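Note that the structure is a prediction, hence the values are computed from the model and not measured. Whatever order the structure lists ligands and atoms in, that order sets their numbers, starting from 1. Keep in mind that the numbers below use all heavy atoms, side chains included, and drop hydrogens, waters and symmetry copies.
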Amino acid sequence: MSKQEKYVSPEDIYDLQFPSDPQISPDGKKVIFVKKWIHKKEQKYYSNLYSVDTVRGTVVQFTRGEQKDIKPRWNRNGKQLLFIRSTQNKSELLSFYGGLGEPMPLISLEDGDIQDLAFSPDDKWVAVLIQKYDVSGEDRKKEPLKRDIDRLFYRLDGEGFRQKRAVQLFIVKSRGGRLIPITDVPRDVTDFAWNHDGTGIYYVTNDHEDPDRHMDEESIFFYSLKEKRHVRIEKPAGPIGWVQADPEGKYLYFAGHFKPGHSWGAVNSEIQQLHLETGEIHSLTASLDRTTDMVTLGDITPSFVKQKALFQTSEDLLFTVSSEGANPLFKFNILSGEITPLLDGPECVVSFSMSRDGKNIAVHLAQMERPDEIWLLELNSEKHFRRITFLNDEYMSSISCNVPEEYHIPSDNAVIQSWVLKPPGFNSKKKYPLLLQIHGGPRAQYGYTWFHEMQVFAAAGFVVLYTNPQGSQGYGHAFADAITGKWAEPAMNDLMAAVDYILELGFVDPEQCFVTGGSYGGYMTNWVISHTNRFKGAVTQRSICDLSSFFGTSDTGWDLEADFHDVPWKNPELYKKWSPITYADQIDTPLCIIHSENDLRCPVEQAEQLFVRLKYDKKPVRLVLFPEESHGLSRGGRPDRRVERLKLMLEEFRVKS
Ligand SMILES: CSCC[C@H](NC=O)C(=O)N[C@@H](C)C(=O)O
């Protein structure tokens, strides 16, 4: 077999490289980044730190070993680098001082996790977020005698039963010393930022008297280190993504909105500027009608990454939004109010950092052409954007695959951005099977990422169609809000319009159309097959079929009230109307249900209900459960189970084609 004949396979996740979180040194000469890797024998993910020289391009491995090294952060003079290391028994804040060598521990915990860190403006202190465990040591490994639950939000997918102790803010001297507690709040501190001169710290927490019923009503406090006092920063109620201090100390910046009670993502998160003296607030990004949350989905590219806006100069603030499948990088000028794009191609800026003079910007970039790499944006006399890592080039030159083609497909009330990935060696005179992929969220977007799963299906001979129907984010508030109170309808019209459009192009066999999706995408898969028989087979993954039981069993199920403006016990008809299980007798499409046993977001009872109902009715249905796994199996599950899931789907569709 020649090199060109090798196609993307499920097992290729073992060959892929996953760089992230590039942190450029203050002088702009090197970029430290995190590289995740898979230990095939142990079936575990680890990560180490690497550095790349921005001029010569040489890559050096900075840390080694079977641990998770994350969040590298430089101090201002570039002499100290801190990062977090997690091993099975310990969570440490480690420090490199003055170059390589062995990193020294600043903090070493056996009874908690260090989650985030930031140097003070004078580099003398470090603020850290720590989650202390309710029980520590050997007891952590044992199941308790009982669980006594007294709050609504008591479980979290991917984590399990939530700790009773909240995440708190601490400070420690950057050269080492005692860990000093700053907060003692009942609910987690979710973000923080030093103020301009390091005399205090802003932090975010939910101090609502009923926080679990009001999860999107967060508050900002300022802690003065001199006065040892916490002061609330007055603002209207609403969620907060991050806080950022102004280099001049006049304003406070944060990401969020002031419309609590709306479903997550239905309202754009905007950058808010708060005048610290007058308390006046105005949105810097309202005119864009885009969310500042990173909601592009992928299985190689991380989603929902928190990237704060960063000051390039005291006047210019750089930030990203999710827009039409991309995550462009913008510059906001505080004086003129002008917003200018710095990077606005068909690509996703996942995260970025800046050199001290603001002229060199390291970017974690996702694209459709290749798996993620680290890039450098140079803003000297001319703008220059170049790739500085080539980690996946060897893999890419060993396989043959296509880049998705973009279509803008008219539907009833909207134009739907869509992508078609054709099999390698595509011949327009042939007829191919079609796989429609439906994304979840629902307020998220497919976009410009190299998507392993899509490539696997194209390699197996499918034309893969994936779209952003109404309900997706990236097209403005009205588009994302279009499914509120009627989850399935607008998306169903848009998805079917996209399939019709692609069939018209003539290279798809209309008798060989398949459909799949995960989470809300699984909900839509269930809806599609209970409302049409045009698909030859379906795989529904981590899906929702019964909104009423979902309300009480999902980790955050009561959030449905924000979508449906009612609760199931008061309006059972509404919940029934929009639940695919209501239409189960109309399902004739052969269905494979894939679900993770430990999915707390869309609990396994959703899969069980659908399976039993269809099996009882003697319909063609199969249930495949993945033990231990959570909602994120397809992108963060045990590697062999990720491979197995893809193989299973290939087998399922092959049998029917
Ligand atoms: C609104 S119900 C839960 C659906 C879920 N949302 C967030 O977890 C979802 O659709 N998730 C997507 C991103 C997925 O798992 O692919």
Residue and atom name of the nearest protein heavy atom (relative to [atom]), distance in Å to one decimal:
atom: atom 8 (O) of ligand 1; result: R601 NH1, 2.8 Å
atom: atom 9 (C) of ligand 1; result: S519 OG, 2.5 Å
atom: atom 12 (C) of ligand 1; result: G441 N, 3.4 Å

- Task: Could you see which bit of F550 sits under 4.0 Å from ligand 1, with heavy atoms only: side chain, backbone, both or neither?
- Result: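 Looking at F550 and ligand 1, just side chain atoms fall under 4.0 Å.
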- Query: Does a salt bridge link R187 with D207, judged by any charged N lying under 4.0 Å from a carboxylate O?
  - Reply: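 No, no charged N to carboxylate O under 4.0 Å.
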- Query: Do the numbers put R645 on top of the ring of F626, so that NZ or CZ is under 6.0 Å from the six-membered ring centre and no more than 45° off the axis?
  - Reply: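 Relative to the ring axis of F626, which defines the angle, R645 lies outside at least one limit.
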- Message: Both conditions, 6.0 Å and 45 degrees, for the charged tip of K536 above the ring of F514: are they met here?
- Response: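 Pair K536/F514 does not count as cation-pi.
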- Message: Taking 4.0 angstrom as the limit and counting only heavy atoms of R542, give me the atoms of ligand 1 inside it, by number and element.
- Response: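 Every atom of ligand 1 under 4.0 Å from some heavy atom of R542: 14 (C), 15 (O), 16 (O).
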- Which atoms of ligand 1 have any heavy atom of R635 under 4.0 Å away?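 Those qualifying, in numeric order: 14 (C), 15 (O), 16 (O).
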- Quick check: does any side chain N or O of T190 sit under 3.5 Å from a backbone N or O of T205, one acting as donor and the other as acceptor?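 No: the side chain of T190 does not pair with the backbone of T205.
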- Check whether any side-chain heavy atom of M492 lies under 4.5 Å from a side-chain heavy atom of H531, and answer yes or no.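 SC-SC contact between M492 and H531 confirmed.
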- S519 vs R542 side-chain heavy atoms within contact, under 4.5 Å: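 Counting from C-beta outward, S519 and R542 do come under 4.5 Å.
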- Query: If you measure every N/O of H631 against every N/O of ligand 1, is any gap under 3.5 Å?
  - Reply: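 Indeed, backbone or side chain, H631 has an N or O that close.
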